[in-house]
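In what follows, a structure is listed as structure tokens, so that the remarks can point back to it.
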Amino acid sequence: MIAPLLSARGVAMRFGRVAAVRDATLSIAPGESIGIVGESGSGKSTLARILAGLQPPSQGEVLFRGQPVYAGSIAYPGPLRRQVQMVFQDPYGSLNPRMTALAAVAEACRFHERCSAAEANIRSLDLLARMGIGPDDARKKPRLLSGGQRQRASVARALSASPALLIADEPTSAIDQSAQAQLLNLFHGLLGQGLSIILISHDLAVIRYLARRVHVMRDGEIVETGDTADVFDHPQHPYTQALIASIPGRRPKENRP
Amino acid sequence: MSLLDIADLTIGIPRGRATPLVIVENASLRLQPGEMLGLIGESGSGKTMLCRSLIGTLRRRGAAILSGRITLAGTDLAHTDEHAWRDIRGRRVGYVPQSALAGPNPVMTIAAQLREAILQGTPGTDVPARARELLDLVQIRRPERVLDQYPHQLSGGMRQRVMIACAIAGTPELLVADEPTTGLDVTVQAGIMQLLRDIRARLGTAIILVSHDLALVDDVCDRILVMHAGACVESVPANAAPRHPYTIALNRSRIELAEPGAPLLTIAGQPPSVGDWPPGCRFAARCSIAQPDCGLGPHPPLRGEAHANACLHPERAA
Ligand SMILES: Nc1ncnc2c1ncn2[C@@H]1O[C@H](COP(=O)(O)OP(=O)(O)OP(=O)(O)O)[C@@H](O)[C@H]1O
Ligand SMILES: Nc1ncnc2c1ncn2[C@@H]1O[C@H](COP(=O)(O)OP(=O)(O)O)[C@@H](O)[C@H]1O
Ligand code: SF4
Ligand SMILES: [Mg+2]
Ligand SMILES: [Mg+2]
């Protein structure tokens with residue numbers, strides 16, 4: 001078996017009386033894609049932040065390339081840091097409204113690669129172009145870009161660190177259907193280039209398309225785990241069954257006049 | 001007779017002596033009583049502006065009706081002043097605004113919000129009794145508990161049910177719901193859709209459901225009106241095969257139909273922005289079957305009755 005890139009064992013997170021995550025165990029291999037699906041408040045984002053090194057868990061351990069992520073006071077020490085990048089649901093939150101898409105990506109490039117401003121610009125324009133954002137749009141501020149373009153710009157920014165693992169928290173929830181298809185294609189291409197992706201969504205159709213394995217969360221707990229196709233065709237947990245029944249296009253058509 | 005008749009409606013932003021900035025051009029749409037219509041299109045295609053013209057709130061976004069007609073069961077809505085709108089809004093047309101998060105007033109309890117909606121919708125009714133009845137209609141259990149709460153204490157789905165309760169307080173003939181479930185969970189979304197269908201069945205309300213999810217409206221609605229860059233490009237019965245190249249492409253980009261791992265078919269590029277529309281068909285730059293005449297003259301109008309299409313070359317589309 002290939003050594004996992006990232007693994008979490010018995011991870012739990014309490015916020016006061018709320019148990020946001022309980023006893024979560026999962027792992028992801030290099031180049032693999034896994035999905036985490038569940039309704040709002042089920043603990044997906046909390047788990048994602050723990051895996052990304054942004055939130056020390058109250059219990060359990062997270063290993064990246066076999067090394068503990070939370071050892072001592074900083075998560076992902078030294079060169080491991082840049083290998084895990086995160087994109088969020090609302091790209092407004094992660095893109096500075098006063099900076100053009102190009103400036104935002106170039107800033108990250110310079111931070112990660114310690115290259116000159118000119119080099120960073122060239123690299124960033126190339127990254128943005130790979131994300132389907134041409135030089136004209138690259139020079140626009142976030143509010144002038146469409147939701148899908150903003151989301152792809154924030155992926156470009158995350159990729160400027162040349163990460164091994166991308167954690168995407170509801171990246172398609174706020175964008176339209178055609179922008180969603182463009183973003184998923186892009187993720188698919190990145191998987192082909194060896195990137196690992198943890199995709200978080202409340203939409204099982206998105207997970208089914210991209211993730212090989214899926215973890216279904218409810219009330220902080222992983223209630224079902226398996227190959228996405230199996231879970232999709234033979235859901236065991238009633239909650240998973242409800243999720244699948246809720247996907248538009250799979251619902252029975254009744255109540256029509 | 002149609003309940004709602006929109007003909008050649010053009011909406012734009014007046015700019016003093018300069019020509020106005022056109023946002024929706026020559027939109028046409030007819031709705032039967034009790035019909036459920038899905039309105040879809042990419043972000044910025046003009047869906048919200050079209051909805052706002054039906055509740056008289058264009059002015060709040062700096063926009064106005066530039067030409068065309070809107071008739072709701074004999075009432076002219078295109079030339080209605082603010083005073084007259086007060087008798088229509090909430091009573092004849094109900095509105096559920098876009099975004100569950102922006103929804104209700106954060107500093108008013110649910111009881112206070114409902115009270116306001118009831119006084120506007122059906123003045124002179126017994127407010128507490130009607131409030132409970134409305135919460136019952138939107139299938140909120142234990143209404144007594146919800147009434148004293150503030151919006152932030154409710155889940156997104158519950159908040160949206162309250163917004164729908166407010167919108168139907170005056171038993172309107174037409175309910176306009178602008179992306180009522182965008183950003184909400186799929187299970188919650190399914191519940192809200194079922195609720196809209198129940199309301200239609202019980203009260204006979206005609207519903208316009210705005211969405212950018214073709215699969216969703218195809219599931220829930222009787223008919224779908226597709227907008228692209230400010231123009232209506234197709235009016236297609238639910239479950240019928242689309243005929244306009246844009247709708248065909250949208251339909252092909254649906255992930256729930258895709259083979260896992262196979263590349264998704266996407267629509268190249270972005271729609272042209274407002275103020276930057278090319279002559280002719282505004283889908284031409286993204287269309288795989290565009291012909292030289294597609295880029296000439298005004299945008300092609302919708303043609304046909306039950307299944308109307310604005311494409312100049314429907315025989316080539318497949
Ligand atoms: N006051 C304004 N001045 C200039 N342009 C405007 C103004 N108000 C709206 N627009 C533009 O009009 C177009 C249509 O806006 P509208 O809100 O109707 O889109 P929409 O289809 O509802 O999109 P979404 O799916 O994002 O809600 C957009 O391109 C928007 O930027
Ligand atoms: N910083 C925090 N403080 C207190 N409670 C929190 C915090 N972050 C998350 N929670 C709670 O933990 C639970 C899981 O939240 P979250 O991980 O955001 O869920 P999801 O991403 O699945 O919607 C929720 O009940 C949420 O309110
Ligand atoms: S009118 Fe021409 S450009 Fe427009 S959709 Fe039809 S074929 Fe394509
Ligand atoms: Mg979340
Ligand atoms: Mg809108």
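Just so we're on the same page: letters track the sequence lines, and every chain starts at 1.
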Nearest non-hydrogen partners of B:Ile267 and A:Ser178, listed with the distance
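The answer is CD1-CB, 4.2 Å.
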
- Item | Nearest heavy-atom neighbours spanning A:Gln177 and B:Leu214 |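 Shortest heavy-atom separation between A:Gln177 and B:Leu214 comes out as OE1-N, 3.0 Å.
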
Would you mind checking which part of B:Glu259 comes under 4.5 Å of any heavy atom in chain A, side chain (CB onward), backbone (N, CA, C, O), both or neither?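 The backbone, not the side chain.
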
| query | Side chain, backbone, both or neither: which part of B:Ala249 has an atom under 4.5 Å from a heavy atom of chain A? | reply |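 Answer is neither: B:Ala249 stays 4.5 Å or more from chain A.
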
Determine whether more than 12 heavy atoms belonging to other residues, nucleotides or ligands lie under 6.0 Å from atom CZ of B:Arg202.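 No.
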
For this session: Step through the shown structure and confirm whether more than 12 heavy atoms of other residues, nucleotides or ligands are within 6.0 Å of CZ on A:Arg22.
Result: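 Yes, because the 6.0 Å sphere around CZ of A:Arg22 holds more than 12 heavy atoms from other groups.
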
A:His188 side chain to B:Pro263 backbone, donor-acceptor under 3.5 Å:
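Such a contact is absent between A:His188 side chain and B:Pro263 backbone.
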
For this session: May I ask you to decide if A:Pro248's main-chain N or O and B:Asp219's side chain share a donor-acceptor pair within less than 3.5 Å?
Result: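 Checked: no pair found.
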
Could you give the distance from [atom1] ([X]) to [atom2] ([Y]), rounded to the nearest 0.5 Å?
X	Y	atom1	atom2	answer
A:Glu39	B:Thr187	CD	OG1	5.0 Å
A:Asn185	B:Ile255	CG	CD1	11.0 Å
B:Leu264	A:Leu210	CG	CG	9.0 Å

Given heavy-atom pairs under 4.5 angstrom as the criterion, report whether the side chain, backbone, both or neither of A:Leu243 touches chain B.
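Both backbone and side chain.
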
**Message:** Between B:Gln189 and A:Ser246, is the side-chain hydrogen bond (donor to acceptor under 3.5 Å, both in side chains) condition met? List the steps.
**Reply:** CA-CA 8 Å; B:Gln189 169 169 284; A:Ser246 303; over 6 Å; no

